Amino acid sequence: MKIGEVGEFGLIKKIRELFRAEGSVLGIGDDCAILPYGDKELLITTDTLVQGVHFFEGVEPYLLGRKSLAVNLSDIAAMAGKPKWAFLSLSLDIDRELSWIEQFLMGFRDIALEYDVSLLGGDTTSSDKLYISVTLVGENERGKSVKRNTARDGDIVLVTGSIGCSYAGFVALRDGLEGYDELKKRHLDPKPRFFEAFKVAPFATAMIDVSDGLIQDCLHICEESGVGMEIYWDKIPFCRAEFISKEEMLCGGEDYELVVCVKSCFKEKVESMDGFTVIGEVKKGGRIEVLRGGKVVKIKDCGYSHF
Ligand code: ADP
Ligand code: MG
């Protein structure tokens, strides 16, 4: 059997079965691992960007530098943690202009300063194409990190911001569409949702960031928590972009918004908070049903998987 047949998430499942998460509060399976750290806890996450997969050669190196840290910041935000320390590993093609990497580093440094993150180390090697791997460590008060395996039947499901703008921006860039600067920015320079995460964390039972696509990431909450969800199509805050379909917006990745589950007794409280939209409810069983006018919408092959 080929890796492609197992799929990205099938492979992660196999890896998870082989190792024990000894000494940790939480191992493989969430946005970050959690380690005990005195009266606090440490959050650790890592993400890799690969030339030709996550970005194309023409991308502005400054923005790529920002994005390579932003995607990791988003994983710390998804657990309502505070980012602290980063490690940056670069595999570089030796013919690359030095000015390119200098611009990249400027972008990385600027976003690190914005979020009070210190770069403490990394690794540098040569390679036929560019790989950027960032590990980010954050911290939280003990027991305060919001996980994805703790959603409960009856919780309401909320999402921050809008869904599909990053994918729309990607399509606009790929197809050389004029204008659409705001959408392109959503794809090239995503903003981690710390403000919203801290605001909602006291009421949240579970949280995840939308990196693989809204439906796929809701499914991650469902699988880890052993629950299902009903999502109401008409409530989803779709991006205003006329050149891609709503199905594509649901399945395209890299929104870096947050999906949050909240106990139903806090419904009014969180509905009144700016920046959140109620999109559904947690149900028993392991399935997600997207409902449009009472009918189930069929969504096939939805979300990003690397294989
Ligand atoms: P996210 O989209 O939040 O960054 P991923 O989908 O990349 O998370 O990964 C899901 C979970 O699987 C995470 O907990 C991650 O740490 C873990 N994981 C992914 N790849 C590996 C691997 N090669 N070895 C161990 N754990 C992995
Ligand atoms: Mg994540």
Side-chain angles (χ1 to χ4, degrees), residues 3-4 6-35 41-50 53-55 67-83 86-89 91 115 131-138 140 145-151 157-161 163 166-167 187 190-194 196-197 200-201 204 206-225 251-261 302-307:
I3 291 177
V6 184
E8 178 188 350
F9 303 114
L11 181 58
I12 293 173
K13 188 164 172 271
K14 280 192 184 298
I15 295 172
R16 197 170 174 180
E17 282 161 8
L18 285 175
F19 297 90
R20 294 196 305 168
E22 255 172 276
S24 71
V25 178
L26 185 68
I28 296 173
D30 214 311
D31 294 297
C32 302
I34 307 179
L35 295 182
E41 55 196 25
L42 284 184
L43 302 173
I44 305 172
T45 182
T46 190
D47 260 311
T48 303
L49 302 184
V50 180
V53 178
H54 299 93
F55 61 90
K67 187 167 178 176
S68 59
L69 185 55
V71 300
N72 285 277
L73 286 165
S74 179
D75 278 324
I76 301 271
M79 305 201 67
K82 188 179 175 329
F87 294 79
L88 170 63
S89 296
S91 301
Y115 289 90
Y131 293 79
I132 302 154
S133 184
V134 175
T135 299
L136 184 61
V137 182
N140 212 342
S145 300
V146 185
K147 303 173 197 152
R148 59 172 85 161
N149 64 6
T150 36
V157 183
L158 300 115
V159 70
T160 60
I163 290 298
S166 172
Y167 188 70
H187 181 70
K191 187 171 164 46
R193 300 299 187 197
F194 284 104
E196 292 80 358
V200 81
M207 188 150 68
I208 191 170
D209 68 328
V210 181
S211 52
D212 298 330
L214 179 69
I215 299 301
Q216 182 70 263
D217 285 306
C218 284
L219 198 57
H220 290 320
I221 291 185
C222 291
E223 282 169 353
E224 293 297 321
S225 299
C251 302
E254 298 207 302
D255 291 304
Y256 298 108
E257 298 291 354
L258 300 172
V259 172
V260 194
C261 298
C302 195
Y304 197 80
S305 162
H306 277 280
F307 314 121

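Only a predicted model underlies this, so the values are computations on that prediction, with no experimental measurement involved. Just follow the structure's listing: the first ligand is 1, and inside any ligand the first atom is 1. All heavy atoms count here, side chains included; hydrogens, waters and symmetry mates do not.
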Checklist entry - Excluding waters, how many protein N/O/S atoms sit closer than 2.8 Å to the Mg ion (ligand 2)? => result 3

Next on the checklist: Please evaluate residues K13 and E223 with respect to the criterion salt bridge (charged side-chain N to carboxylate O under 4.0 Å, His left out), reporting the C-alpha separation (whole Å), side-chain torsions for both, the decisive distance (0.1 Å), and the verdict.
Outcome noted: CA-CA 12 Å; K13 188 164 172 271; E223 282 169 353; over 6 Å; no

Next on the checklist: Within this structure, what is the CZ-CG distance for the pair R16 and L11, rounded to the nearest 0.5 Å?
Outcome noted: 13.0 Å

Item to check | Minimum heavy-atom distance A197-A77, with the two atoms named | outcome: CB-O, 3.2 Å

Any protein N/O atoms within less than 3.5 Å of an N/O atom in ligand 1? List the atom names and distances, or say none.
unit_1   : atom_1 : unit_2 : atom_2 : d
ligand 1 : 2 (O)  : S211   : OG     : 3.1
ligand 1 : 3 (O)  : D31    : OD1    : 3.0
ligand 1 : 3 (O)  : D75    : OD1    : 3.1
ligand 1 : 3 (O)  : R148   : NH2    : 3.3
ligand 1 : 4 (O)  : D75    : OD2    : 3.2
ligand 1 : 14 (O) : G29    : N      : 2.8
ligand 1 : 14 (O) : D30    : N      : 3.2
ligand 1 : 14 (O) : D30    : O      : 2.7

Checklist entry - If you measure from OG1 on T45 to CD1 on I34, what distance do you get to the nearest 0.5 Å? => result 11.5 Å

Next on the checklist: For a side-chain contact (heavy atoms from CB on, under 4.5 Å) check, start with the C-alpha distance between D75 and L136, then their side-chain angles and the critical distance, and finish with the verdict.
Outcome noted: CA-CA 9 Å; D75 278 324; L136 184 61; over 6 Å; no

Checklist entry - If you measure from CG on L69 to CD1 on I76, what distance do you get to the nearest 0.5 Å? => result 9.5 Å

Next on the checklist: What I want to find out is whether D31 reaches R148 closely enough, with some N-O distance under 4.0 Å, to be called a salt bridge.
Outcome noted: yes

Checklist entry - In Å, rounded to the nearest 0.5 Å, how long is the span from OH of Y256 to OG1 of T160? => result 13.5 Å

Next on the checklist: Taking the basic N atoms (NZ, or NE/NH1/NH2) and the acidic carboxylate oxygens, is any pair closer than 4.0 Å for K147 and E41?
Outcome noted: no

